[in-house]
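Encoded as structure tokens, the structure appears first; notes follow it.
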Amino acid sequence: MSNLKKQIKANATVVASALLLSTAVSNTSAQERTGILGIDHVGINVPNMKQAVNFFTDVLGFSAVTTLGPIPLDDAWKKNNHMNAKTGPVTIKMLKAGTGANIELFEYQDNKGSAQQPAGDDIGASHIAFYTNDISKSVAYLKSKGVQFLGEPFLMPSGDTEGETWVYFVTPWGSKMELVSYPNGKGYEKKNPTTILWSPKDAVKNETEKSDSKTLSEAEIKSLVEGHLAIWNERDLKKREALMAKIYADDIEMVDSHFIAVGHKEINGFVDGLQQKSPNSKFSHIKAIDVNHNIARLYWQNGTPEKPDAVTGMDLFVFENGKAVKLYVFVDNKN
């Protein structure tokens, strides 16, 4: 384990570059064509279903939800799935593992397959990583339950996973699992990446925010949209920042046909640029603001008093928790 940690530290830059390249070449259109939304479950074979369920429920605190079987398997199924012809029926249980993918357990009666756990460098070897906000507390608790750890928690010092702490442990039947924690985020997030990795800590945060979410009235949404216009017309930086804090969520995303700006700072920079380019221009309504539940539509014009409609367009807003979280900007093409 110590050699592995040293190698990880020494090659952090290489790993970071590989991860960035992987993200850059990801093909989202393929995901759209297949209709895949995400990971539903992770399946693992266990030698004893009762032992496995007890571990996941009594030790890790998960919940067993569904059960199928024992289900006899015909010869064609076994052949197609590369199974021993003499292996017996299968029992399947699905577990809810907190926030994230479910875990599906398989137990085969009279199993004639290999009982040897894959080694760390075997093709097909895998593990499940569980997120915790306090890895020291989690390790101490699991050790009190007799769980074997493969070393001590290791804090990543640099690279894309800087700030992440992880440690491996093994189940009573020998499968390798992981605890991982990054309460302050990972190193790659500081680079303003196009894609942010999904995390259960964010999912829990989002669910909490939704449960506390304030439902805005139509009048309140219209008032916020008017505030948006005031932001883009405000020349004083401090006053504009104060307005943004009231109207925009901290991580608001503004999507233009040519770029995406995230957060107050980036949007502020864009507004500054517009005002410097056209110091006498001003934004105003073309027609009344439209509201549909938490979505609003603003048709606007921008120009000087002599030509107030030099540029026209439409802004589409999405509101959550009393503030704008998304802003889609459409600029009309004028011939």
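Remember, predicted model here, so these are calculated numbers, not experimental data.
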Applying side chain to side chain donor-acceptor pair (under 3.5 Å) to Trp77 and not counting sequence neighbours gives none
- Message: Between Glu266 and Val262 (side chain of the first, backbone of the second, donor and acceptor by atom type, cut-off under 3.5 Å), is there such a pair?
- Response: yes
Q) Within a strict 4.5 Å, meaning less than it, do heavy atoms of the Phe283 and Leu274 side chains meet? A) yes
ask   = Would Leu150 and Val139 show up in the same hydrophobic cluster when neighbours are defined by side-chain heavy atoms closer than 4.5 Å?
value = no
Nearest heavy-atom approach of Pro89 to Pro70 is CB-CB, 3.9 Å
Here the gap from Asp40 atom CG to Glu104 atom CD, rounded to the nearest 0.5 Å, amounts to 8.5 Å
Pair Tyr328 and Phe317, ring centroids less than 6.0 Å apart:
no
Return a table of donor-acceptor pairs under 3.5 angstrom between the side chains of residues 247-256 and protein atoms on other chains or two or more places apart.
unit_1: Tyr248; atom_1: OH; unit_2: His228; atom_2: ND1; d: 2.6
unit_1: Tyr248; atom_1: OH; unit_2: Trp232; atom_2: NE1; d: 3.0
unit_1: Glu253; atom_1: OE1; unit_2: Lys326; atom_2: NZ; d: 2.4
unit_1: Asp256; atom_1: OD2; unit_2: His258; atom_2: N; d: 2.9

Distance-only donor-acceptor hits, side chain of residues 42-65, under 3.5 Å, sequence neighbours excluded:
unit_1: Asn48; atom_1: OD1; unit_2: Lys50; atom_2: N; d: 3.1
unit_1: Asn48; atom_1: OD1; unit_2: Gln51; atom_2: N; d: 2.8
unit_1: Asn54; atom_1: ND2; unit_2: Lys50; atom_2: O; d: 3.2
unit_1: Thr57; atom_1: OG1; unit_2: Val53; atom_2: O; d: 2.6

Interatomic distance, CD@Glu189 vs CD@Glu162, rounded to 0.5 Å, equals 11.5 Å
inquiry  = Are the side chains of Leu216 and Leu224 in contact, using a 4.5 Å heavy-atom criterion?
reply    = yes
Those residues at least two apart in sequence (or on a different chain) that pass side-chain contact (heavy atoms from CB on, under 4.5 Å) with Ala85 are none
Residues 288-299 vs salt bridge (charged side-chain N to carboxylate O under 4.0 Å, His left out), sequence neighbours excluded, gives Asp290-Arg297
Tightest non-hydrogen contact, residues Asn233 and Gln275, listed as C-NE2, 3.9 Å
CG (Asp236) and CG (Leu243) are apart, to the nearest 0.5 Å, by 10.0 Å
The reported gap from CG in Asn294 to CZ in Phe319 (rounded to nearest 0.5 angstrom) is 9.0 Å
Contact check, side chains of Thr165 and Pro153, non-hydrogen atoms, under 4.5 Å = yes
task: Please report the C-alpha distance between Val331 and Val329 in whole Å, then the side-chain angles of each, then the deciding distance to 0.1 Å, and finally whether the side-chain contact (heavy atoms from CB on, under 4.5 Å) criterion is met.
output: CA-CA 7 Å; Val331 179; Val329 179; 4.1 Å; yes
Using a 4.5 Å side-chain heavy-atom cut-off and chaining through intermediate ILVMFWY residues, the residues clustered with Leu155 come out as none
task: Report whether Ile71 and Met83 are members of the same hydrophobic cluster (ILVMFWY, side-chain heavy atoms less than 4.5 Å apart, transitive linking).
output: yes
The salt bridge (Lys or Arg N to Asp or Glu O under 4.0 Å) partners of Lys112 (sequence neighbours excluded) come to Asp110
In short, Asn102 meets Lys96 closest at the heavy-atom pair OD1-CA, 3.8 Å
| message | Counting only heavy atoms from other residues, nucleotides and ligands, does the tally under 6.0 Å from NE2 of His41 exceed 12? | response | yes
Flag the pair Leu68 / Thr66 as yes when at least one side-chain heavy-atom distance between them is below 4.5 Å, and no otherwise. no
| message | Quick check: do Lys201 and Pro183 have side-chain heavy atoms less than 4.5 Å from each other? | response | no
Those residues at least two apart in sequence (or on a different chain) that pass salt bridge (Lys or Arg N to Asp or Glu O under 4.0 Å) with Lys222 are Glu218
Contacts of Ser144 meeting side chain to side chain donor-acceptor pair (under 3.5 Å) (sequence neighbours excluded), chain-then-number -> none
Are Glu306 and Lys282 close enough for a salt bridge, meaning some N to O gap below 4.0 Å?
-> no
When every non-hydrogen atom of Gly88 is compared with those of Leu73, the smallest separation belongs to O-CD1, 4.2 Å
Original post:
Within the side chain of Arg240, is there an N or O that forms a donor-acceptor pair under 3.5 Å with the backbone of Ala230?
Top reply: no
Are Val325 and Ile295 connected in the hydrophobic side-chain network, where two residues link if heavy atoms are under 4.5 Å apart? yes
| message | Please determine whether the number of non-hydrogen atoms from other residues, nucleotides or ligands lying under 6.0 Å from atom CD1 of Ile39 exceeds 12. | response | no
Margin query: Taking Trp300 as the starting point, is it possible to reach Phe270 by hopping between hydrophobic residues whose side chains are less than 4.5 Å apart?
Written below: yes
query = Any chain of hydrophobic side-chain contacts (each under 4.5 Å) joining Trp173 to Leu142?
reply = yes
To the nearest 0.5 Å, atom NZ of Lys265 lies from atom CG of Asn192 at 9.0 Å
Backbone of Ser281 reached by a side-chain donor or acceptor of Ser278 within 3.5 Å: no
Checklist line | Side-chain heavy-atom pair Leu229, Leu298 within 4.5 angstrom cut-off | finding: yes
Hits for salt bridge (Lys or Arg N to Asp or Glu O under 4.0 Å) against Glu164, two or more places apart or cross-chain, chain-then-number order -> Lys186
For Met244 and Ile267 the tightest heavy-atom approach is CE-CG2, 3.7 Å
Separation between CZ (Phe169) and CE (Met177), nearest 0.5 Å, reads 6.5 Å
Do Tyr299 and Asp315 touch side chain to side chain, with heavy atoms closer than 4.5 Å?
no
Check your understanding: Can you find a side-chain donor-acceptor pair between Asp332 and Thr312 that sits under 3.5 Å?
Key -> yes
Exercise for review: If the plane angle is over 60° it's perpendicular, under 30° parallel, otherwise tilted; pick one for Phe154 and Trp166.
Suggested key: perpendicular
request  = Mark yes or no for whether Glu220, through its side chain, and Ser217, through its backbone, hold a donor-acceptor pair below 3.5 Å.
outcome  = yes
Result block: side-chain N/O donor-acceptor pairs under 3.5 angstrom for residues 123-132, not counting sequence neighbours:
unit_1: His127; atom_1: NE2; unit_2: Glu178; atom_2: OE1; d: 2.8
unit_1: Tyr131; atom_1: OH; unit_2: Tyr182; atom_2: N; d: 3.4
unit_1: Thr132; atom_1: OG1; unit_2: Asp134; atom_2: N; d: 3.2
unit_1: Thr132; atom_1: OG1; unit_2: Asp134; atom_2: O; d: 3.2
unit_1: Thr132; atom_1: OG1; unit_2: Ser138; atom_2: OG; d: 2.7

Sorted by chain and number, sequence neighbours left out, salt bridge (Lys or Arg N to Asp or Glu O under 4.0 Å) with Glu107 holds for none
Item checked: Beyond-backbone contact of Leu237 with Asn268, side-chain heavy atoms, under 4.5 angstrom -> yes
